[in-house]
Asker: 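Before I ask anything, here is the structure I am working with.
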Amino acid sequence: MTKILIVEDEPDLADVLKHILKIKGYEVKLVLDGYQAIEEVKKTHYDLILMDIRLPGLNGVETFLQIKEIDKNTTVIMMTGFAVEDLIETALERGAYACLHKPFDLDKVITLIAKAISENRPTILIVDDDEGIRENLCRILEEKGYRIYLAKDGQEALLMLKTGLYHCIILDLKLPKVDGIVVLKEAKQVNPNVVVIVITGYDLPDLLNEARYLSAYACLKKPIDTAELLKLLKETIK
């Protein structure tokens, strides 16, 4: 479940935001100052943080900067009801996703939160000609918060590599039209840092050796051990 941290010292506003976000299906935690927020982030990864700029003690921008040192992958949306343009500019320059000015339209806030979370989710391309495998992996990985794209053969995968960047590719080696090794080569040319996990239901020592030579991160035999796959993804996608 997507986790959101609200850092807000106005109890009424904080409670309204928490209530609405819970209704929308998010797991929500509320803290009242920057020090509590930092302690929370040390313990738990939050997908998104709503951060008031004017906080007691440590202001929201100072808190934001410390949080990004702890967890670079959390998305932060700043909130303010004051004219603090210098602080807003600093936060946006250092990577805050957006700044909301109070009083704000709650519907627009919900839309912005959903957009920010969607954009920040790691993307995985699954390439396999077996529809059952594609759909099963898609369901499992979406439940874990990954954004999933599907390709049914090597040719479709090559087209998708031209239009999107992916954190990880789960790639069947034996594919119709264009085999997995060709896709692997192209993927590494497009993005040398992409994590490629090859999967196969066949004994293909030559192809496996070539995949390793081309820097495939790992190989899993079918039927896929989903626990092992999730472990690999956790190791490689931070």
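Being a predicted model, the structure only gives us computed values, none of them experimental.
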Asker: Any pair with a residue in residues 148-163 that passes salt bridge (Lys or Arg N to Asp or Glu O under 4.0 Å), sequence neighbours left out, goes on the list, sorted by first then second residue, please.
Answerer: K152-E156, D153-K177
Asker: Report the residues that fulfil side chain to side chain contact (heavy atoms under 4.5 Å, CB included) with L65, sequence neighbours left out, ordered by chain and then residue number.
Answerer: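 Once residues adjacent in sequence are excluded, the partners of L65 under the side chain to side chain contact (heavy atoms under 4.5 Å, CB included) criterion are V61, R94.
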Asker: Provide the closest heavy-atom pair for Y35 versus D33 in the form atom of the first, atom of the second, distance.
Answerer: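 Closest pair (atom of Y35, atom of D33, distance): N-OD1, 3.1 Å.
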Asker: Might you work through the side-chain contact (heavy atoms from CB on, under 4.5 Å) test for L100 and L112, ending with a clear yes or no?
Answerer: CA-CA 10 Å; L100 296 169; L112 180 65; 3.6 Å; yes
Asker: Stepwise, does the side-chain contact (heavy atoms from CB on, under 4.5 Å) test hold for E39 with V31?
Answerer: CA-CA 10 Å; E39 291 306 310; V31 296; over 6 Å; no
Asker: Just jot down the side chain to side chain contact (heavy atoms under 4.5 Å, CB included) partners of T123, sequence neighbours excluded, or say none.
Answerer: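 If we apply the side chain to side chain contact (heavy atoms under 4.5 Å, CB included) test to T123, skipping adjacent residues, the hits are R147, Y149, Y166, H167.
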Asker: Got more than 12 heavy atoms from elsewhere within 6.0 Å of NZ, K29?
Answerer: no
Asker: Do C219 and L173 pass the side-chain contact (heavy atoms from CB on, under 4.5 Å) test, and can you show the C-alpha distance, the side-chain angles, and the key distance before you say yes or no?
Answerer: CA-CA 10 Å; C219 175; L173 280 182; 5.6 Å; no
Asker: Can you pull out every ring-ring contact (aromatic ring centres under 6.0 Å, His included) where at least one residue sits in residues 94-142? Sequence neighbours excluded, please.
Answerer: none
Asker: Does some side-chain heavy atom of M160 sit less than 4.5 Å from a side-chain heavy atom of L125?
Answerer: yes
Asker: Considering only residues two or more places apart or on different chains, which pairs with a residue in residues 129-148 satisfy ring-ring contact (aromatic ring centres under 6.0 Å, His included)?
Answerer: none
Asker: Please find the pair of heavy atoms, one from D172 and one from T200, that lie closest to each other, and give the distance.
Answerer: OD1-CA, 4.0 Å
Asker: May I ask you to decide if D12's main-chain N or O and E10's side chain share a donor-acceptor pair within less than 3.5 Å?
Answerer: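 Not confirmed, E10 side chain does not pair with D12 backbone.
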Asker: I'd like to know if the side chain of K222 and the backbone of Y202 have a donor-acceptor N/O pair within less than 3.5 Å.
Answerer: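 No, K222 side chain to Y202 backbone: no donor-acceptor pair under 3.5 Å.
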Asker: K108: which residues meet the salt bridge (charged side-chain N to carboxylate O under 4.0 Å, His left out) condition with it, sequence neighbours left out?
Answerer: none
Asker: Going by side chain to side chain contact (heavy atoms under 4.5 Å, CB included), name the residues that satisfy it together with A114, two or more places apart in sequence or in a different chain.
Answerer: Y26
Asker: Report yes if the side chains of I4 and D47 come closer than 4.5 Å at any heavy-atom pair, otherwise no.
Answerer: no
Asker: Just so I know, are the side chains of V16 and L106 near enough to count as touching, which here means a heavy-atom distance under 4.5 Å?
Answerer: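 They are in side-chain contact.
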Asker: Compare all side-chain heavy atoms of I133 with those of I126 and state whether any distance is below 4.5 angstrom.
Answerer: no
Asker: Identify the heavy atoms of A14 and L30 that sit nearest to each other, and give their distance.
Answerer: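 Result for this residue pair: CB-CD1, 3.4 Å.
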Asker: Provide the full list of ring-ring contact (aromatic ring centres under 6.0 Å, His included) pairs with a residue in residues 213-233, sequence neighbours left out, each pair given once.
Answerer: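 Non-adjacent pairs meeting ring-ring contact (aromatic ring centres under 6.0 Å, His included): zero.
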Asker: Is the closest basic N to carboxylate O distance between R139 and E142 below 4.0 Å?
Answerer: no
Asker: Among V127, L141, V198, which one satisfies side chain to side chain contact (heavy atoms under 4.5 Å, CB included) with I170?
Answerer: L141
Asker: For a 4.5 angstrom cut-off between non-hydrogen side-chain atoms, does T236 reach C168?
Answerer: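 The answer is no; the side chains never approach within 4.5 Å.
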Asker: Scan the side chains in residues 224-233 for donor-acceptor partners under 3.5 Å anywhere in the protein, sequence neighbours excluded, and list what turns up.
Answerer:
unit_1	atom_1	unit_2	atom_2	d
D225	OD1	A227	N	3.0
D225	OD1	E228	N	3.2
K231	NZ	E235	OE2	3.0

Asker: Can you name the side chain to side chain contact (heavy atoms under 4.5 Å, CB included) partners of A96, sequence neighbours left out?
Answerer: F64, M78, A91, L92
Asker: From the options E40, H45, K42, select the one residue that forms a side chain to side chain contact (heavy atoms under 4.5 Å, CB included) with I70.
Answerer: K42
Asker: With sequence neighbours excluded, give me every salt bridge (Lys or Arg N to Asp or Glu O under 4.0 Å) pair touching residues 50-67.
Answerer: D52-K102
Asker: Ignoring hydrogens and angles, tell me if any N or O in the side chain of D9 forms a donor-acceptor pair with the backbone of L32 under 3.5 Å.
Answerer: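 No: the side chain of D9 does not pair with the backbone of L32.
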Asker: Pairs in or reaching into residues 179-208: which pass salt bridge (Lys or Arg N to Asp or Glu O under 4.0 Å), with residues at least two apart or in two chains?
Answerer: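 Qualifying pairs, neighbours excluded: K185-E210.
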Asker: What are the two closest heavy atoms between C138 and I148, and how far apart are they?
Answerer: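 Looking at all heavy atoms of both residues, the shortest contact is SG-CG2, 3.9 Å.
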Asker: Quickly, which of D15, L48, V28 forms a side chain to side chain contact (heavy atoms under 4.5 Å, CB included) with I6? Name it, please.
Answerer: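 Testing I6 for a side chain to side chain contact (heavy atoms under 4.5 Å, CB included) against D15, L48, V28 leaves exactly one candidate, V28.
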Asker: CG of L184 to CD of Q189: how many Å apart, nearest 0.5 Å?
Answerer: 10.0 Å
Asker: Report yes if some heavy atom in the side chain of D128 is under 4.5 Å from a heavy atom in the side chain of L137; otherwise report no.
Answerer: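 They are not in contact (no side-chain heavy atoms under 4.5 Å apart), so the answer is no.
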Asker: How far apart are the closest heavy atoms of L55 and G34, and which atoms are they?
Answerer: CD1-N, 3.9 Å
Asker: Is M79 close to V109 at the side-chain level, that is, under 4.5 Å between some pair of heavy atoms?
Answerer: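 The answer is no; the side chains never approach within 4.5 Å.
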Asker: With heavy-atom distances below 4.5 Å as the criterion, would you say the side chains of I117 and T75 are in contact?
Answerer: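 The answer is no; the side chains never approach within 4.5 Å.
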